[in-house]
Amino acid sequence: VGLSGLAVEEDVWTEDVPGVGRRTLRNLALVVEGTLDETIVLVAHRDNRGLSAGANDNASGTAALIELARAYATAGTLTESSRTPLHTLVVLSTDAGAYGARGAARFAATSPLADRAAAAIVLDALAGRSAVRLELSGLGRRSPPPALVRTAAARVGSELGAEPETPGLLTQLVSLGLPFGFGEQAPLLGSGIPSLRLTTSADGGAPPGTDELQGVDTARFEQLGRAAESLLACVDTAVEAPSGTAGTVYLADRALRGWAVQLLLLAAAIPFAGGAFDLLSRCRRRRHTAQLCRDRTRGGQRHHLDRQRRP
């Protein structure tokens, strides 16, 4: 099997998929050798939940993946020569992406190519009519490095005329506080690979029967396809690849490291903790005072009864 004249490697395994049962799953990986041993991974899942045609989520991401790979093909060209990237490129089509990103998790856990990954770009639902977003949450309280996020935002913004949306502050704090992340960037980040996801689809997916071919926004698809190509070129030719997956919160053009956010939250919690401690102390003092009053009242009543019993 070949994709644009390039050999495709197949990884087949069997796994229990929640709600579906035990299934045989299959990842397809195309490797374009570069000058460097480090890899850049382009990812798109090719499955959906079967509730609609999946024209946007994720036939659009798969189509973009194929077109990006075609630029490095040798077959069918006049010179039979291909572009040679600086980094080794891995074009990865994953299975069970709609069921917990299981294909991406499998790649991160078992593939030797993942050990050499400098960055990963996930293409997910690029032809929707909703707002374009960069998804940044990862398993294990991990986030993509600021350099990768800024580059992606700039490349998308140059095509759309406005930068893409990113998760709000509360969403990012919850993502850093809980060991959960939606999308294929999540297990990749969890394994230490700098990753982000470019998407127009809500995390919950499209309502049944709505993700059909007639709903595809072709103009948006072309814009995000060019943005993905430009982002890949920028990351590949960078003097130093973006590194690190430490927890980070992004606010407009600022990036706050997770430890700084934790320190701020701790500082903000100190007055509330002090107030709670003071309230607890007051409650204990009042309880103690009330107990003393009750004891004195009982003592006085006993003394009065004793005096009445005397002859």
Side-chain angles (χ1 to χ4, degrees), residues 3 8-20 23-31 38-49 54 56-66 68-69 87-126 133-145 148-149 152 167 175 179-205 228 231-232 235 242 245:
L3 179 63
V8 176
E9 301 175 6
E10 193 175 37
D11 177 24
V12 181
W13 75 101
T14 303
E15 185 175 344
D16 288 323
V17 179
V20 179
R23 291 290 186 270
T24 298
L25 305 177
R26 183 176 286 101
N27 280 350
L28 304 176
L30 181 154
V31 180
E38 283 186 327
T39 64
I40 296 175
V41 188
L42 288 169
V43 186
H45 72 88
R46 63 180 185 280
D47 65 301
N48 71 351
R49 289 186 172 270
N56 181 39
D57 187 7
N58 192 31
S60 64
T62 299
L65 197 71
I66 294 172
L68 290 172
H87 293 79
T88 294
L89 300 184
V90 179
V91 182
L92 179 65
S93 174
T94 61
D95 206 347
Y99 293 89
R102 295 181 176 274
R106 165 79 176 187
F107 173 81
T110 65
S111 176
L113 297 169
D115 298 333
R116 298 153 43 194
I121 303 167
V122 179
L123 308 176
D124 181 29
L126 303 184
R133 308 193 322 277
L134 293 179
E135 289 296 338
L136 315 174
S137 62
L139 301 179
R141 301 180 180 90
R142 294 178 181 266
S143 306
L148 180 59
V149 176
S175 297
F180 175 78
F182 185 89
E184 288 152 300
Q185 85 289 344
L188 297 173
L189 282 167
S191 67
I193 302 174
S195 313
L196 52 74
R197 177 165 57 100
L198 179 60
T199 185
T200 64
S201 176
D203 285 347
L231 174 58
L232 173 60
V235 175
T245 55

**Study point:** Candidate list Pro145, Pro144, Ser143, test side chain to side chain contact (heavy atoms under 4.5 Å, CB included), partner Pro194, passing option
**Key:** Pro145
Study note, to complete from the structure: Taken to the nearest 0.5 Å, the spacing of Leu65 CG from Leu92 CG works out to 7.5 Å
Check your understanding: Can you name the nearest heavy-atom pair linking Arg197 to Gly183, along with the distance?
Key -> NE-CA, 3.7 Å
Practice item. Could you pull out the closest heavy-atom pair between Leu30 and Ala69, with the gap in Å? Key: CD1-CB, 4.5 Å
Check your understanding: Under 4.5 Å between any side-chain heavy atoms of Glu135 and Ser201, yes or no?
Key -> no
**Study point:** Check: Gln185 side chain, Ser137 main-chain N or O, donor-acceptor pair, under 3.5 Å
**Key:** yes
Check your understanding: Can you check whether Leu25 reaches Val17 side chain to side chain, under 4.5 Å on heavy atoms?
Key -> yes
**Study point:** Distance-minimising heavy-atom pair for Ser195 and Leu189
**Key:** N-CD2, 3.5 Å
Practice item. Could you tell me the separation between the CG atom of Asn58 and the OG1 atom of Thr199, rounded to the nearest 0.5 Å? Key: 7.5 Å
Exercise for review: Check for a donor-acceptor pair, side chain of Arg142 on one end and backbone N or O of Pro187 on the other, with a separation under 3.5 Å.
Suggested key: no
Review point. Atom CZ in Phe182, atom CG in Leu139: separation rounded to 0.5 Å?
Key: 12.5 Å
Check your understanding: Roughly how far, to the nearest 0.5 Å, is the CG atom of Leu126 from the OG1 atom of Thr62?
Key -> 9.5 Å
Point to revise | Flag side-chain contact, heavy atom, 4.5 Å: Leu231 against Leu198 | key: no
Check your understanding: Under the 3.5 angstrom rule, does the side chain of Ser111 hit a backbone N or O of Ala108 as a donor-acceptor pair?
Key -> no
**Study point:** Value rounded to 0.5 Å, distance of CG in Leu42 from CD1 in Ile66
**Key:** 12.5 Å
Check your understanding: Got Val31 and Thr88 here, is their nearest side-chain heavy-atom distance under 4.5 Å?
Key -> yes
Practice item. Among Val90, Leu89, Val91, find the residue that satisfies the side chain to side chain contact (heavy atoms under 4.5 Å, CB included) test when tested with Val41. Key: Val90
Exercise for review: Kindly give the heavy-atom pair with the smallest separation between Ala119 and Ile193, and that separation in Å.
Suggested key: C-CG2, 4.1 Å
**Study point:** For Arg49 against Ala98, the heavy-atom pair lying closest together
**Key:** NH2-O, 3.0 Å
Point to revise | Close side-chain approach of Phe107 and Asp11, heavy atoms under 4.5 Å | key: no
Review point. Is any side-chain N of the basic residue among Glu10 and Arg26 closer than 4.0 Å to the acidic one's carboxylate O?
Key: yes
Review point. CG/Asp16 to CZ/Arg23 distance, rounded to the nearest 0.5 angstrom?
Key: 10.0 Å
Review point. Is it the case that Arg46 and Ser93 place a side-chain donor and acceptor less than 3.5 Å from each other?
Key: yes
**Study point:** For the student: nearest non-hydrogen atoms of Arg102 and Trp13, plus distance
**Key:** O-CZ2, 4.1 Å
**Study point:** Option passing side chain to side chain donor-acceptor pair (under 3.5 Å) with His45 (candidates Asp57, Asp95, Asn27, Thr94)
**Key:** Asp57
